[in-house]
Undergrad: 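The structure that follows is given in the form of structure tokens.
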Amino acid sequence: MKRRTVVITGIGTVTPAGRGASALWLHAFSGTSCVRPIDPQKYFDASKYDCQVAGQVPCFDEPRVLTKRILAQTDRCTQIALVAALDALDAAKLPIGFLPVILPERVSIVVGTVTGGLTFVENDMRNFWTKGKQGTHLYLATASFPASAQGYISICFGVKGRARTFVSERASGAHALIEGANNIQRGQADIVIAGGTEAPITPMVWSAYQSGHMLQRTHTMEPAHTYRPFDHKHTGMIIGEGSTFVIFEEREHALRRGVPILAEVRGWSMGTDPTPLTPSEVPKEQPGRWLAKTINASLMQANIQSDDIDVIFPHGSAIAEEDEAELSAITTVFGHDRIPVSIPKVGFGHLQGAAVSTDMAIAVQSLLNQTIPPTPHAELLEVDSGLNLVHTHAQTTEIKHSLILSGGLAGMHACLVVSQSQMVSSNLVKRKGEV
Amino acid sequence: MRRVVITGMGVISPLGNTIDAFWHGLISGRSATKSLNDVTSCNLFDRFRGEFASQVIVEVEQFEQVAQNLPAHVRERDRYVQFAVAAALQAVHNANLDISSAEVLDRFGITLATCIGSGQTIDATYCQATQSGTEAFDPEQIPADFYLDCIFNTPSILLAQLFNLHGPCDTLSTACVSGIDVVGRAYELIRDSNADIMLAGGSEAPITPSRFAGCDVLRCLATQFNDQPQRASRPFDAKRGGYVMGEGSGMILVEEREHALVRGAPIYAEITGFSLRCNALHMIHLKSEAVSSLAQTIEQALQEANLTPAEIDYINAHGSSTNQNDEFETLAFKEALGKHAHSIPISSTKSMIGHPLAASGTFSTIATALSLFHGKIHPTINYEEPDPRCDLDYVPNIAREFTGNNALVVGSGFSGTHGALVLRKGQKGLL
């Protein structure tokens, strides 16, 4: 039987860099940062917190999906996701309801999120604890539980195939994308809306991240005090809100309906490097040992060698133990100072459940434009040796294959190989002028 | 094609904290439901006495004795995390799995599920940090490592660390089908050779004021038998009127069949089909147009198992005891199975243990695997008055001997999700 191939035919993204794949790419290309102090009017007064900056999504509205009713019933993470998913469908030329293009039963939805609708919970809890049951919102249960974005996307757009939400902390987005790719490859769907969403800028969630020592301590916008992945002074992430969905499609299906193929998802793999949750405990194994094996498994599935990878988009959390494991795995598989590494998320924040789908959107643009975006203010970093970090300016170079890495607490990790589609390569000259 | 079997199970359940106690409770048709006034796991309900329309719950009893054997860092976490770890340790023990073997650990993964996560800890922390909602949130007033209470995969990462495993480690939250979904996910990952062994299960401890209120305002909780709690969960009965919120954890060790045979593991059942769908109609209500969606979910699972409706010998239904679900499910069984629907015994585990959300599907799967293994099916209790809209054989009140080979486990959830799993009686020997 011929192996089914997974291609990408649409991208929808709402991030601190703005709405749309072009806005995201232009921002990544510029190498600047749009991380800002947390807006006290819009979010909360962060002056008591160790980390007072975040990537914040500019105002957005979309009357086609964010009706008054939906806005009243849902958490911000669902609202951002609905817009991103709608844009992804539009980009892939898929109508709401999917008919007559494809049976809705052949379409899946997969979502990754870390904290789900906790913003809604937090607002609602104030009403509940001060007013009792009559203060409880009728939609508390469905707005707050993690499968909310999945449910609203399926209902608003008519998805009737598989539906799954992953809550595997910061690896949830990668787990969702891998599940989506598996759905296509196994023949369980011909189209998958795959991505993640996060809206973590709320006092309780911020406290939680602080308690876990997950965030960079910073009160200022000085680049020197911000997100420093792989730097000796790394003390944690700068995070942000946002959502990115991509449309995965079975290659023959995409060719039959004549939509542009943006890229191909050629390999993926998941694994765990059992790592103590408390830094004081000594790891039982060499950090990153299994991540290296997971990367190799994804290269094997993609049927390529480590030398074939042209750019790596790492997890880059700037959490010391995670950086150490990731650096060790990258150098084990790819050698020292070789493959270019880019961390565009430094410029808008680690988007948690949406981080990997956003990296995938950038990786696709990077392939289409044959350009590697720089890591913002990377020239200030004292990066551990072994990493060829792209900094200052975007690099134009031949890119056929890119590798996206993802990780989370306790060493769970996942990776995906995104490659140029053969269809695209013949059209490349024509496309290169477009951004 | 790689075949996939169930080789170990563990429970922390309202009917008891061992597989034997759980099974004995199910077969004897014992209700674990009780009054909300008698809640012991959460001390935040006092100020809401009498406020909720539903006054019935189901709790896990005598968990402290189990919890004291858990590692200290697990005991510091929310009740649902402790349930999950305790049930998982049981499942691994029950499967006689040697988790010191590197060969095992390299191909061993985890897929768990929860809908509510650390609900009790979040409620308690919120009250503490805001003076019960009257002040701004004070970040100084939170427990250590509160991050582990706000994410939903703490059980899976703690277990990955305890076992030292290298396979995939993830957590799902597909509403109330999650418990079936994780077993289906484990089955697919093993079948596709992404792992040889997966721990799959759900855990939930949602009995906390804000979460109880969230369901109470939706009027989906049982309210008719507040003074007779043991009669409150009554799936398919004419006087049913909502589900009883429950808690607990069910864990299943899912394994590639040859791997299990070679190491001489017990084989409780084989997983032969799985399907997952959503109806795209409503977040909460099961509209009549969605009947076909559940029916197609069942048909797809049967097709994968290569079975006709005549070959299904038992159904463990979602049977939540809500007006809507039980009628809806009955219609879907008839649509998917035709005339055979009338001759297949159907029972609801929730009649005894209430609805533990993400854990419910794993409890149903465990009950079904045990039915195939022991040759007995548990009853649907509190079935007193037939409802003309629910006219199938629901195994009323008394357990039955059972000689069947194939069983179906069905679930539906918020967000319009449906799941179906097909289990076959375990076969010994290399075929």
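Convention: sequence-line order gives letters A, B, ...; per-chain numbering from 1. All values reported here derive from a predicted model rather than from experimental measurement. Both backbone and side-chain heavy atoms feed into the values below; hydrogens, waters and symmetry mates do not.
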Undergrad: Side chain, backbone, both or neither: which part of B:Asn279 has an atom under 4.5 Å from a heavy atom of chain A?
TA: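 Backbone of B:Asn279 only, per the 4.5 Å heavy-atom cut-off to chain A.
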Undergrad: What option among A:Ser108, A:Ser207, A:Gly408, A:Ala410 has the most heavy-atom pairs under 4.5 Å with chain B?
TA: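 Result: the option with the highest number of such pairs is A:Ser207.
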Undergrad: Using a 3.5 Å distance criterion without hydrogens, assess whether the side chain of B:Arg47 forms a donor-acceptor pair with backbone atoms of A:Gly132.
TA: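 A pair under 3.5 Å: no.
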Undergrad: Could you look at B:His73 and say if it's the side chain, the backbone, both or neither that has a heavy atom under 4.5 Å from chain A?
TA: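 Neither part.
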Undergrad: Under a 3.5 Å distance rule, please check whether A:Thr272 uses its side chain to pair with a backbone N or O of B:Gly167 as donor and acceptor.
TA: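 A pair under 3.5 Å: yes.
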Undergrad: Based on non-hydrogen pairs under 4.5 Å, which of B:Ala160, B:Pro209, B:Ser293 is most in contact with chain A?
TA: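 Of the candidates given, the most pairs with chain A belong to B:Pro209.
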Undergrad: What do the steps show when you test A:Ile155 against B:Met283 for side chain to side chain contact (heavy atoms under 4.5 Å, CB included), and what is the final call?
TA: CA-CA 8 Å; A:Ile155 292 165; B:Met283 288 298 283; 3.7 Å; yes
Undergrad: Can you check whether B:Thr417 reaches A:Gln150 side chain to side chain, under 4.5 Å on heavy atoms?
TA: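 Yes, at least one pair of side-chain atoms sits under 4.5 Å.
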Undergrad: Most heavy-atom pairs under 4.5 angstrom with chain B, which of A:Ser172, A:Gly411, A:Gly161?
TA: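 Counting heavy-atom pairs under 4.5 Å, the top option is A:Gly161.
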Undergrad: Does any non-hydrogen side-chain atom of B:Phe152 lie less than 4.5 Å from one of A:Glu169?
TA: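 No - every pair of side-chain heavy atoms lies 4.5 Å or more apart.
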Undergrad: Between B:Ser173, B:Cys169, B:Gly133, which has the largest tally of heavy atom pairs under 4.5 Å with chain A?
TA: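 Most pairs with chain A among the choices: B:Ser173.
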Undergrad: How many angstroms lie between CD1 in B:Ile157 and OG in A:Ser168, if you round to the nearest 0.5 Å?
TA: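 With rounding to 0.5 Å, CD1 (B:Ile157) is 10.0 Å from OG (A:Ser168).
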Undergrad: In this structure, is the centre-to-centre distance between the rings of B:Phe48 and A:Phe128 below 6.0 Å?
TA: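 Yes.
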Undergrad: Could you tell me which portion of A:Met412 (side chain, backbone, both or neither) has an atom closer than 4.5 angstrom to a non-hydrogen atom of chain B?
TA: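 For A:Met412, the contact with chain B is made by the side chain alone.
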Undergrad: Would you call the rings of B:His166 and A:Trp290 parallel, tilted or perpendicular, where under 30° means parallel and over 60° means perpendicular?
TA: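 Judged by the thresholds at 30° and 60°, the geometry between B:His166 and A:Trp290 is parallel.
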Undergrad: Heavy-atom count check: over 12 atoms from other residues, nucleotides or ligands less than 6.0 Å from B:Arg2 CZ?
TA: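 Above 12, so yes.
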Undergrad: Please look at A:Val205 and chain B and tell me whether the side chain, the backbone, both or neither of the residue comes under 4.5 angstrom of a heavy atom of that chain.
TA: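 Neither; nothing under 4.5 Å.
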Undergrad: Which region of A:Thr275, side chain (C-beta onward) or backbone (N, CA, C, O), has a non-hydrogen atom less than 4.5 Å from a non-hydrogen atom of chain B, or is it both or neither?
TA: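 Just its backbone gets close to chain B.
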Undergrad: By a 4.5 Å heavy-atom criterion (distance strictly below it), what part of A:Ala171 contacts chain B: side chain, backbone, both, or neither?
TA: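 For A:Ala171, no heavy atom lies under 4.5 Å from chain B.
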Undergrad: With chain A as the partner, which of B:His418, B:His282, B:Arg277 has the greatest number of non-hydrogen pairs under 4.5 Å?
TA: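 Sorted descending by pairs with chain A, the first entry is B:Arg277.
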Undergrad: Look up atom NE2 in A:His175 and atom CG in B:Leu172, then write down how far apart they are to the nearest 0.5 Å.
TA: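 Going from the NE2 atom of A:His175 to the CG atom of B:Leu172 covers 10.0 Å.
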Undergrad: Between A:Pro274 and B:Asn164, which heavy-atom pair has the shortest distance, and what is it?
TA: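 Closest approach of A:Pro274 to B:Asn164: CB-OD1, 3.1 Å.
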Undergrad: Looking at B:Pro143, B:Gly413, B:Ala175, B:Gly419, which has the largest count of heavy-atom pairs under 4.5 Å with chain A?
TA: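 Max contact count across the listed options: B:Ala175.
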Undergrad: Tell me, please, which residues at least two apart from A:Gln286 pass side chain to side chain contact (heavy atoms under 4.5 Å, CB included).
TA: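 A:Arg289, A:Ser328.
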Undergrad: Is the shortest side-chain N to carboxylate O distance from B:Glu140 to A:Lys48 below 4.0 Å?
TA: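 The answer is no: the pair does not qualify as a salt bridge.
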Undergrad: State the CG-CH2 distance between B:Asp123 and A:Trp129, to the nearest 0.5 angstrom.
TA: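 B:Asp123 CG to A:Trp129 CH2: 5.0 Å, rounded to 0.5 Å.
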Undergrad: Taking A:Gly212, A:Ser154, A:Ala414 one by one, which has the highest count of heavy-atom pairs under 4.5 Å against chain B?
TA: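 The option with the most such pairs is A:Ser154.
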Undergrad: Side chain, backbone, both or neither: which part of A:His137 has a heavy atom under 4.5 Å from chain B?
TA: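 For A:His137, the contact with chain B is made by the backbone alone.
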Undergrad: Do B:Glu51 and A:Lys131 sit within salt-bridge range, that is, some charged N less than 4.0 Å from a carboxylate O?
TA: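 Looking at B:Glu51 and A:Lys131, the cut-off is not met.
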Undergrad: Is B:Glu289 atom CD crowded by more than 12 heavy atoms from other residues, nucleotides or ligands, each under 6.0 Å away?
TA: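 Yes, CD of B:Glu289 has more than 12 neighbouring heavy atoms, counting only those of other groups under 6.0 Å.
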Undergrad: With a 4.5 angstrom heavy-atom cut-off, could you sort out which part of A:Leu409 is near chain B: side chain, backbone, both or neither?
TA: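 Its backbone and side chain both get close to chain B.
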Undergrad: Please flag which part of B:Ala129 lies under 4.5 Å from any non-hydrogen atom of chain A: side chain, backbone, both or neither.
TA: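 B:Ala129 has no heavy atom closer than 4.5 Å to chain A.
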Undergrad: When rounded to the nearest 0.5 angstrom, what is the spacing between CZ in A:Arg126 and CD in B:Glu135?
TA: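 If we round to the nearest 0.5 Å, A:Arg126:CZ and B:Glu135:CD are 8.5 Å apart.
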Undergrad: Report yes if some heavy atom in the side chain of A:Tyr209 is under 4.5 Å from a heavy atom in the side chain of B:Ile151; otherwise report no.
TA: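 Counting from C-beta outward, A:Tyr209 and B:Ile151 never come under 4.5 Å.
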Undergrad: State, yes or no, whether a side-chain contact exists between B:Gln161 and A:Pro276 at a heavy-atom distance under 4.5 Å.
TA: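 Heavy-atom side-chain distance check passes, below 4.5 Å.
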Undergrad: Could you look at B:Ile142 and say if it's the side chain, the backbone, both or neither that has a heavy atom under 4.5 Å from chain A?
TA: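 The side chain, not the backbone.
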Undergrad: Which bit of B:Ser156 is near chain A, if near means a heavy-atom gap under 4.5 Å: side chain, backbone, both or neither?
TA: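 Neither; nothing under 4.5 Å.
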Undergrad: With side chains defined as the heavy atoms from C-beta onward, is the minimum distance between B:Arg211 and A:Val121 less than 4.5 Å?
TA: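 Contact flag for B:Arg211/A:Val121 side chains = yes.
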Undergrad: Measure distances from A:Glu122 to the heavy atoms of chain B and classify the residue's part below 4.5 Å as side chain, backbone, both or neither.
TA: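 Backbone plus side chain of A:Glu122, per the 4.5 Å heavy-atom cut-off to chain B.
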Undergrad: Do the side chain of A:Ser211 and the main chain of B:Tyr147 share a donor and acceptor less than 3.5 angstrom apart?
TA: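 Indeed, once roles are kept as given, a pair shorter than 3.5 Å links the two residues.
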Undergrad: Looking only at non-hydrogen atoms, find the nearest pair between B:Gly214 and A:Ala141 and report the distance.
TA: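 Reported closest heavy-atom pair: O-CB, 4.1 Å.
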Undergrad: Could you tell me if the side chain of A:Lys133 sits less than 4.5 Å from the side chain of B:Val217, heavy atoms only?
TA: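 Result yes, sub-4.5 Å side-chain heavy-atom pair found.
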Undergrad: Using a 4.5 angstrom heavy-atom cutoff, name the option from A:Val111, A:Thr113, A:Thr130, A:Asp273 with the most pairs to chain B.
TA: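 Ranked by heavy-atom pairs under 4.5 Å with chain B, first place is A:Thr130.
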Undergrad: Examine whether an atom of A:Leu140 lies under 4.5 Å from a heavy atom of chain B, and if so say whether it belongs to the side chain, the backbone or both; otherwise answer neither.
TA: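 Side chain of A:Leu140 only, per the 4.5 Å heavy-atom cut-off to chain B.
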Undergrad: From A:Thr202 OG1 over to B:Phe137 CZ, what is the distance, rounded to the nearest 0.5 angstrom?
TA: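 These two atoms lie 8.5 Å from each other.
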Undergrad: With rounding to the nearest 0.5 angstrom, report the CG to NZ distance, B:Asp106 to A:Lys293.
TA: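 Interatomic distance, B:Asp106 CG to A:Lys293 NZ, rounded to 0.5 Å: 6.5 Å.
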Undergrad: Are the side chains of A:Tyr152 and B:Ser415 in touch, meaning some heavy atoms are under 4.5 Å apart?
TA: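 Side-chain contact under 4.5 Å: no.
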Undergrad: Please identify, among A:Gly151, A:Ser269, A:Ser148, the residue contributing the most non-hydrogen atom pairs under 4.5 Å to chain B.
TA: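 Among the listed options, the one with the most contacts to chain B is A:Gly151.
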Undergrad: What part of A:Gln134 gets closer than 4.5 Å to chain B, counting heavy atoms only: side chain, backbone, both or neither?
TA: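 Looking at A:Gln134, backbone and side chain both touch chain B.
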Undergrad: Indicate yes or no: at least one non-hydrogen side-chain atom of B:Ile122 is less than 4.5 angstrom from one of A:Met204.
TA: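 Counting from C-beta outward, B:Ile122 and A:Met204 do come under 4.5 Å.
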Undergrad: Residue by residue, which of residues 110-120 of chain B have a heavy atom closer than 4.5 Å to a heavy atom belonging to chain A?
TA: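 So far as heavy atoms go, B:Cys115 are the residues that approach chain A to under 4.5 Å.
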Undergrad: Salt bridge (Lys or Arg N to Asp or Glu O under 4.0 Å), that's the test. Do B:Glu188 and A:Arg162 meet it? Break it down for me.
TA: CA-CA 14 Å; B:Glu188 290 180 344; A:Arg162 286 188 162 214; 2.5 Å; yes
Undergrad: Could you please spell out the steps behind the side chain to side chain contact (heavy atoms under 4.5 Å, CB included) verdict for A:Glu105 and B:Gln296?
TA: CA-CA 10 Å; A:Glu105 286 79 7; B:Gln296 284 164 17; 3.9 Å; yes
